[in-house]
Each structure stands twice: as C-alpha cells, then as structure tokens.
A.B. asks: 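Quick one: the structure is below, and I'll ask about it shortly.
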Amino acid sequence: MKCTVHASPHFVIGTVDKRLFGSFVEQLGRCVYGGLYEKDHPLSDEDGLRTDVMKLVRDLNVPVVRFPGGNYVSNHRWEDSVGPLQKRPMRLDLAWKALDPNQFGIKEFMDWCRKVDTEPMMAINLGTRGIDEAKDLVEYCNFPGGTELSELRKSHGSEAPYNIKMWCLGNEMDGPWQVGHKTAEEYGRLASEVGKALKLFDPNLELIACGSSNSSMITFPAWEQTVLEHTWDTVDYLSLHMYFRNDADDAETFLASNMKMDQFIETVVHVCDYVKAKKRSQKTIYLSFDEWNVWFHSNEQDKKEPDWEIGKHLLEDVYTFEDALVVGCVLNSLLKHCDRVKVACLAQLVNVIAPILTEDGGPSWVQTIYWPFYYASKYGRGEVLDIRLNVPSYENSTYGQVPYADAALVYHEEKQELDLFVINRSLDEEMELELDIIMFPAQLKCIEHISLYHDDLKAVNDKTNPDTVKPIIKAGGNGPLIAKKKSWNLFRFSILQVSM
Ligand code: AHR
C-alpha cells in the first residue's frame, strides 16, 4: 500500500512546547516507594533515590512532572509531607486504600526533580481542602522568607524558595470516585477563589483547572463550560485526561484509539473558544493533557491486592508491542494539536502504568511504550506541519473510516531537518511512503530510519528479556521508505539546499 504525505514548511500548526513531553508521579502503588525511592537499594544514592531509575528518566527527557496525584491528592495534607522524616505521620490514603508513610514529600520530590533535570507541576488538594491550605502550600514553597511558612521551609533545609510555577487546582473533581467530588458549580466557584488568591500571591503562576476525567463522563462538556465561566479570569489551562483500553482484544479498533483523543481535544477547544466569545475576551485558554496512557492490563490483578499497605502492587500494567503502537499514535495526536495543547503528562512514570518498571531490591528496565515516547521527546520539539495523507482506510464500527497511516511531521528550521513519525496500522500490509513537500528549491535526504516492530503484537519486555521490543536503527539512503505492517516508525530527513 502507498501513503503520500503532502506538506509544506510554510503550513505550520504550531511550535511544540517542550512540556508536551511531561510525565506524572503519583503517591500510588510502587511509583514512589520501590520506584523513585528505595532507601536500601544498592543503587540508591544518599537520599534513597534509585540512580538506575533516574538515568532512565533523564534519558526520556521529561521537562515537567506532575505530583503528588492523581486521586491521592484529594485526601492529602501537604503539611504531613514536610519536615523531619521521623516526625512525619503515617496516614490512610483513601483513594488507593493504602498506607501513606509520608517519607517522600515536597523536599524529596524537589531534590529528585533537580537530579533528573525536570520542573515540578504541583497538584493542590481541592477535594477535602480549600483556599487556606492552598495559599499556605504556595507560600511554603515559593515565598523567599520572613513569614512563618517560608521560614518553616528554610528550617526544613530548603533555604531558597522552590519557585514552582505550575499548579493544578485539584484533580478530576468531576469524578464521583474522587474524595471531595464536586459539581461543576461547586468546583468552578472554589477553583476561581483559590486561583484568585494564588494570583494575588504571584500573577506569574500558571494555573490549571480540572476539565473532565474523560470524554465519556455524563457531565462532559457542560462541565468545561461551567468551570471556565467561573475561572476564566484566573486560570491559564484546562486539563484533560484519557486512558485507552483493549478489553475486547480488537487490534484494529485499539490502534485507532487516538481518534477519540483528537475528538476530545477538538471539543474542549471549541468549548474554551465558546466561553471566550461569550465573555468577549481576548484571552486564550490552553490545554493541559495531564494524564494519558494505555491502562487496563492490571485491572483484575489490582482487585486482589490487600488494603492498607505501603507500596502495593497497583496498576502495574505490563505493556505489549501493540500498546507501544497506540502510544505512538497518541503522541502524534498531541503533536498535531500543539497549537492548543501546551502541556501533557504520560501517566505515569515508574511502575504505575509506566514506561519504566523496577523490582524491589532488583533491576529496572524499560517497557515497550518507553520507545515511542523517547523518540517523540527527542525529535518532536520543533514546528508541527499541517500534513495531509493520501492513504487507504479501513471501516471500523467504533471510529468509522480509519486511515491505515497515522503520521505527524516536525520541522526543525535551525537543523534543517524534517522528522516524520508514522504508524502503519495495517495488520498485514507494508506501506511505502512518498513525500510531497512543497518547499523552496531543496532536496530531502533520509538520514535515519528508526522503527519498532515485532511479529507478535502481544510481545512484552520483562526483567529477563528487557529488549524483546526495542528500536531498530538503520542509516537512511535513497531506497524506498517502507513502514512494515503494524509498525511504529521515525524517518529523519536532512534538508539539502539546491543551488538554482
Ligand atoms: O493515573 C491513575 C489515576 O487515574 C489518577 O490517580 C487519577 O487522576 C486518574 O483517574
């Protein structure tokens, strides 16, 4: 089958904000305890941080990490997670029915962020708490000194303010499962007042209001409208969350999952712009897709985990090659909406629905989904071009006509490089790509073809075979551009100027 990619460097969707390649660390299962932090592990540093995990995170190059939840944050008291470790209380985390020892709190997270070279994106509890606790938290973290809370931070060993810029005003407040779940009116009012207080403290903070937990929520998209009508003057971003599943083991449908994400993003953009028009405003609300991933493999196993323990084995999805293809498609969707989606967080980072797995006391390794994320983060930071594909499609009962190719094209003017990310969704036919790039007198030379392919869609990486699914890297050349059946691909092109 043939796929022609039509584009021009003059037709640009937008410039990618590097925070599109963010991730998420929740106090959940073994993400923190046994993941980021394992005091007695032979590879842990003086702070108990696993250096093997930090290396894999650094390689992924995640510019922003959301913390400490997730559902967890909605019943969390930030004061429990600061100060001397031996004085921190053991608490019940109602969200995940776990014990929370509070040994990895704000300072520990900030130290970890510095070591892996990322920025924090802090979530505030608006489930069980309100304006007072939110403003206290921000003062503790960001005020230089001379007030009770800023001096408290200093006494806890952090002389300089953390200067945390991004703050999520709650988490999934539309969800009935959330501790402190609210109606759109209740949440909109609270978020607006919390946002107002935080902007009085510092107008340069970037605030994210909760959008819908997914596009199937009965309250979607009225939730977005109501929340924005209340919070318009104070928030900068609206959040979106979406997880993808393949319970029916139907590859053709699963591989088209990102079409649902496209529709979700586009609807939310329309609601934001509707409220903008209604308010006669000049302001644009941007989107923070701060939770996304494949999540379903661990659902049954999770029901068997005992309650009220530390570091439960929760949400430990083992990802297949097929999941990696879906993650590649989702990354293309984020790239193609980079004009409005400025922040996105792969949920999550370690052990919990994560690209990185660890064994307690043992090794760490990367899952199949690590690779499309790694390459998108490395080569996706440029200008996304508005491409059109000429490619056959298949009929699908959920998504209608699904093109066999899913692609995104990123232009790097300074390097004179074009990077084409393509997933061939066909389960049985390879695809030959043709580029029809309208541009200045120039020629394209394929300098590298990186692909992810396995005969078995269900292939996984594990502790003993960590490289079952790994990138195949080939030098470019003048031959045809072939994307194997059911494969993820990155074709890198150098733009060579031609003298006239
Ligand atoms: O990422 C796992 C959970 O998914 C988060 O805690 C919650 O926000 C979402 O429902």
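Counting begins at 1 with the first residue of the sequence. Order of appearance sets the numbers: ligands from 1, and atoms from 1 within every ligand.
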A.B. asks: What atoms of ligand 1 come closer than 4.0 angstrom to any heavy atom of Trp96?
C.D. replies: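 Going through ligand 1 atom by atom, the ones under 4.0 Å from Trp96 are 3 (C), 6 (O).
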
A.B. asks: Distance only, no hydrogens: is a donor on one side chain within 3.5 Å (strictly under) of an acceptor on the other, for Tyr72 and Asp100?
C.D. replies: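 The answer is yes; a qualifying pair exists.
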
A.B. asks: Considering non-hydrogen atoms of the protein only, which is the closest contact for atom 1 (O) of ligand 1, and what is the distance?
C.D. replies: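 Here the nearest protein heavy atom works out to Tyr243 OH, 2.8 Å.
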
A.B. asks: Looking at atom 6 (O) of ligand 1, what's its closest protein heavy atom, distance included?
C.D. replies: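 The closest one turns out to be Glu26 OE1, 2.6 Å.
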
A.B. asks: Would you say the side-chain atoms of Asn258 and Asn332 include a donor-acceptor pair closer than 3.5 Å?
C.D. replies: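 There is no such pair (donor and acceptor under 3.5 Å, judged by atom type) between the side chains of Asn258 and Asn332.
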
A.B. asks: With under 30° as parallel and over 60° as perpendicular, where do the rings of Phe67 and Phe104 fit, or are they tilted in between?
C.D. replies: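 Phe67 vs Phe104 ring planes: perpendicular.
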
A.B. asks: Is a donor from one side chain sitting under 3.5 angstrom from an acceptor on the other, for Arg66 and Asn171?
C.D. replies: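 Arg66 vs Asn171: donor-acceptor pair found between side chains.
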
A.B. asks: Atoms of ligand 1 less than 4.0 Å from Phe24 heavy atoms?
C.D. replies: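 That gives atoms 1 (O) of ligand 1.
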
A.B. asks: With heavy atoms under 4.0 Å as the rule, classify the contact between Trp295 and ligand 1 as side chain, backbone, both or neither.
C.D. replies: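 Only the side chain of Trp295 comes within reach of ligand 1.
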
A.B. asks: Is the number of heavy atoms from other residues, nucleotides or ligands under 6.0 Å of Glu119 CD greater than 12?
C.D. replies: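 No, not enclosed.
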
A.B. asks: Below 4.0 angstrom from a heavy atom of Asn71, which ligand 1 atoms are there? Numbered from 1 as shown, please.
C.D. replies: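 Listed by number with element, the hits are 5 (C), 6 (O), 7 (C), 8 (O), 10 (O).
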
A.B. asks: Enumerate the atoms of ligand 1 whose separation from the nearest heavy atom of Glu172 is less than 4.0 angstrom.
C.D. replies: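 Once the distances to Glu172 are compared, the set is 7 (C), 8 (O), 9 (C), 10 (O).
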
A.B. asks: For Ile353, take its heavy atoms, then give the atoms of ligand 1 lying under 4.0 Å from any of them.
C.D. replies: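 Selected atoms, number and element: 1 (O).
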
A.B. asks: For Lys458, look at atom NZ and say whether over 12 heavy atoms of other residues, nucleotides or ligands are found less than 6.0 Å away.
C.D. replies: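 Enclosed: over 12 neighbouring heavy atoms sit under 6.0 Å from NZ of Lys458.
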
A.B. asks: Run the numbers for me: atoms of ligand 1, each under 4.0 Å from some heavy atom of Gly70, listed by number.
C.D. replies: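 Answer for ligand 1: 5 (C), 6 (O), 8 (O).
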
A.B. asks: Tell me the protein heavy atom at minimum distance from atom 4 (O) of ligand 1, and give that distance in Å.
C.D. replies: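 Going atom by atom, the protein heavy atom closest to atom 4 (O) of ligand 1 ends up being Glu291 OE1, 3.1 Å.
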
A.B. asks: Does a donor on one side chain and an acceptor on the other come within less than 3.5 Å for Glu322 and Asn246?
C.D. replies: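 Present: a donor and an acceptor within the cut-off.
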
A.B. asks: Short N/O distance, under 3.5 Å, between Asn171 and ligand 1?
C.D. replies: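 It does: an N or O of Asn171 is found under 3.5 Å from an N or O of ligand 1.
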
A.B. asks: Under 3.5 Å, is there a donor-acceptor pair linking the side chains of His41 and Asp52?
C.D. replies: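 No, Asp52 and His41 have no side-chain donor paired with an acceptor closer than 3.5 Å.
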
A.B. asks: Out of curiosity, is Asn293 lining ligand 1, as in a heavy atom under 4.0 Å away?
C.D. replies: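 Asn293 does not count as a contact of ligand 1 under the 4.0 Å cut-off.
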
